[in-house]
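Since the structure comes first, as structure tokens, the remarks are kept for the end.
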Amino acid sequence: MTGRLIYLIGPSGSGKDSLLDAARARLAARGCRIVQRVITRSVQALGEAAQGVSPAQFAALQACGAFALCWQANGLSYGIPREIDDWLAVGEDVLVNGSRGHLAQARLRYPTLQVVLLTVDAGVLRQRLLARGRESPSEIEARLARNAQFGERLMATAGVHLLDNSGPLEHTVERLLAALADGHCARA
Ligand SMILES: Nc1ncnc2c1ncn2[C@@H]1O[C@H](COP(=O)(O)OP(=O)(O)OP(=O)(O)O)[C@@H](O)[C@H]1O
Ligand SMILES: O=P(O)(O)OC[C@H]1O[C@H](OP(=O)(O)O)[C@H](O)[C@@H]1O
């Protein structure tokens, strides 16, 4: 029996961490794990359920095969611990906060990956990033510029389930849970 790997992606500031936090208990009640990421970000700026490591520590973990998936973006390195393979192997569903830039590689390793793309109106996105205040104004502009690389191409990609988070977070939580329960997140 193999569990489902659900790969949540979306622009920086679209609300991935907020959505995972808000849905965490209900996902757990359904047997879906949310994996803790390893990120080369200072503990002060983590702002999410992630493990902060130095670049040297990240490189050492990567070298010894600690990650099922890993990527670089926004000047940081991100790793998904390989424990997810054990969970999937015993039939547990696993949800990861992924990267749009790493989607093709993730699909190569996990051909049945279920992709959920969180979307948000452009003006709302900028306001949310500014209000969050985790990055400097120039870093925020760089993140918005990164979004332009992806454009709307991903929204038209087969096997990508769109989930809009421009409105209240509680509504997005309900729609995520419904999509997962109904199997609307078709396997790629
Ligand atoms: N539906 C919503 N309504 C209002 N504010 C929201 C909503 N969803 C998220 N936010 C706020 O938007 C900001 C960005 O959300 P969050 O940090 O979860 O985004 P993210 O996609 O995880 O970003 P990143 O990829 O950069 O970590 C936060 O300040 C959060 O509180
Ligand atoms: O732009 P793309 O490739 O989708 O994602 C790049 C990475 O940046 C964001 O993390 P954070 O804002 O640093 O927490 C995402 O969660 C992702 O891991």
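Every number for a ligand or one of its atoms is a count from 1 in the order of the listing.
Of all the heavy atoms in L95 and L20, the pair that sits closest is CD2-CD2, 3.3 Å. A106 and L69 make their closest contact through CA-CD2, 3.9 Å (heavy atoms, listed as atom of the first residue, atom of the second, distance). S77 and Q72 make their closest contact through OG-NE2, 3.1 Å (heavy atoms, listed as atom of the first residue, atom of the second, distance). Heavy atoms only, all atoms of each residue included: L118 and K16 are closest at CD2-N, 3.6 Å.
Ligand 1 is approached by S14 to a heavy-atom distance shorter than 4.0 Å. Using 4.0 Å as the threshold, R37 has a heavy atom nearer than that to some atom of ligand 2. Ligand 2 has no atom lying under 4.0 Å from any heavy atom of I9. The closest approach between a heavy atom of E135 and any atom of ligand 1 is not below 4.0 Å. The closest approach between a heavy atom of T172 and any atom of ligand 1 is not below 4.0 Å.
Listed by number with element, the atoms of ligand 1 under 4.0 angstrom from any heavy atom of S18 are 9 (C), 15 (O), 16 (P), 18 (O), 30 (C), 31 (O). When each atom of ligand 2 is checked for a heavy atom of G98 under 4.0 Å away, the hits are 15 (C), 16 (O), 17 (C), 18 (O). Residue-ligand proximity, G101 to ligand 2, at heavy-atom distances under 4.0 Å covers atoms 3 (O). Of all atoms in ligand 2, listed by their number and element, those nearer than 4.0 Å to a heavy atom of K16 are 15 (C), 16 (O). Each of the following atoms of ligand 1 lies closer than 4.0 Å to a heavy atom of R143: 26 (O). Set against the non-hydrogen atoms of K16, the atoms of ligand 1 under 4.0 Å away are 18 (O), 19 (O), 20 (P), 21 (O), 22 (O), 23 (O), 24 (P), 25 (O). Residue S12 has at least one heavy-atom neighbour below 4.0 Å for each of these atoms of ligand 2: 12 (O). For ligand 1 and P11, the ligand atoms under 4.0 Å from any heavy atom of the residue are 21 (O). The atoms of ligand 2 that sit less than 4.0 Å from any heavy atom of R41 are 11 (P), 12 (O), 13 (O), 14 (O). Listed by atom number, the atoms of ligand 1 under 4.0 Å from P168 heavy atoms are 1 (N).
Note that the CG atom of L163 and the CD1 atom of I9 stand 11.5 Å from one another [nearest 0.5 Å]. Here CZ of R175 is found 11.0 Å from CG of L177. Values are rounded to the nearest 0.5 Å.
Checking only distances, L19 never comes within under 3.5 Å of ligand 1, N or O to N or O. Between E135 and ligand 2, a contact under 3.5 Å exists for no N or O pair. Residue-to-ligand polar distances place L169 within reach of ligand 1: an N/O pair is separated by less than 3.5 Å. When only interatomic distances are considered, the shortest N/O to N/O separation between R134 and ligand 2 falls below 3.5 Å. Where the criterion is an N or O separation shorter than 3.5 Å, residue side chain and backbone included, R146 meets it with respect to ligand 2. Between F150 and ligand 2, not a single N/O pair is under 3.5 Å apart.
In this structure, of A50, S99, P11, the residue bringing a heavy atom nearest to atom 5 (O) of ligand 2 is S99. Counting only non-hydrogen atoms, the option in G15, G10, A50 that gets closest to atom 19 (O) of ligand 1 is G15. Counting only non-hydrogen atoms, the option in R41, R132, R37 that gets closest to atom 28 (C) of ligand 1 is R132. Of the candidates N74, L154, T40, it is N74 that places a heavy atom closest to atom 8 (O) of ligand 2.
No side-chain donor from either of S14 and N165 sits under 3.5 Å from a side-chain acceptor of the other.
A ring-ring contact (aromatic ring centres under 6.0 Å, His included) check over residues 88-109, counting only residues at least two apart or in different chains, returns the pairs W71-H102.
Just one residue in the list L103, D164, L154 forms a side chain to side chain contact (heavy atoms under 4.5 Å, CB included) with L117, and that residue is L154. Each of D17, L19, I34, V115 was scored for a side chain to side chain contact (heavy atoms under 4.5 Å, CB included) with L8, with one residue passing: L19. S12 pairs in a side-chain hydrogen bond (donor to acceptor under 3.5 Å, both in side chains) with only one of the listed residues (R143, R128, R100), which is R143.
F150 is not connected to I140 by any chain of hydrophobic side-chain contacts under 4.5 Å among Ile, Leu, Val, Met, Phe, Trp and Tyr, and they are in different clusters. L162 and V124 are not part of a single hydrophobic cluster, where members link through side-chain heavy atoms under 4.5 Å apart. Clustering ILVMFWY residues whenever any of their side-chain heavy atoms sit less than 4.5 angstrom apart, transitively, puts F67 in a cluster other than the one holding V35.
Neither the backbone nor the side chain of H102 comes within contact range of ligand 2; no heavy atom lies under 4.0 Å.
Ion pairing of R146 with E139 is absent here, as no side-chain N (NZ or NE/NH1/NH2) approaches a carboxylate O to less than 4.0 Å.
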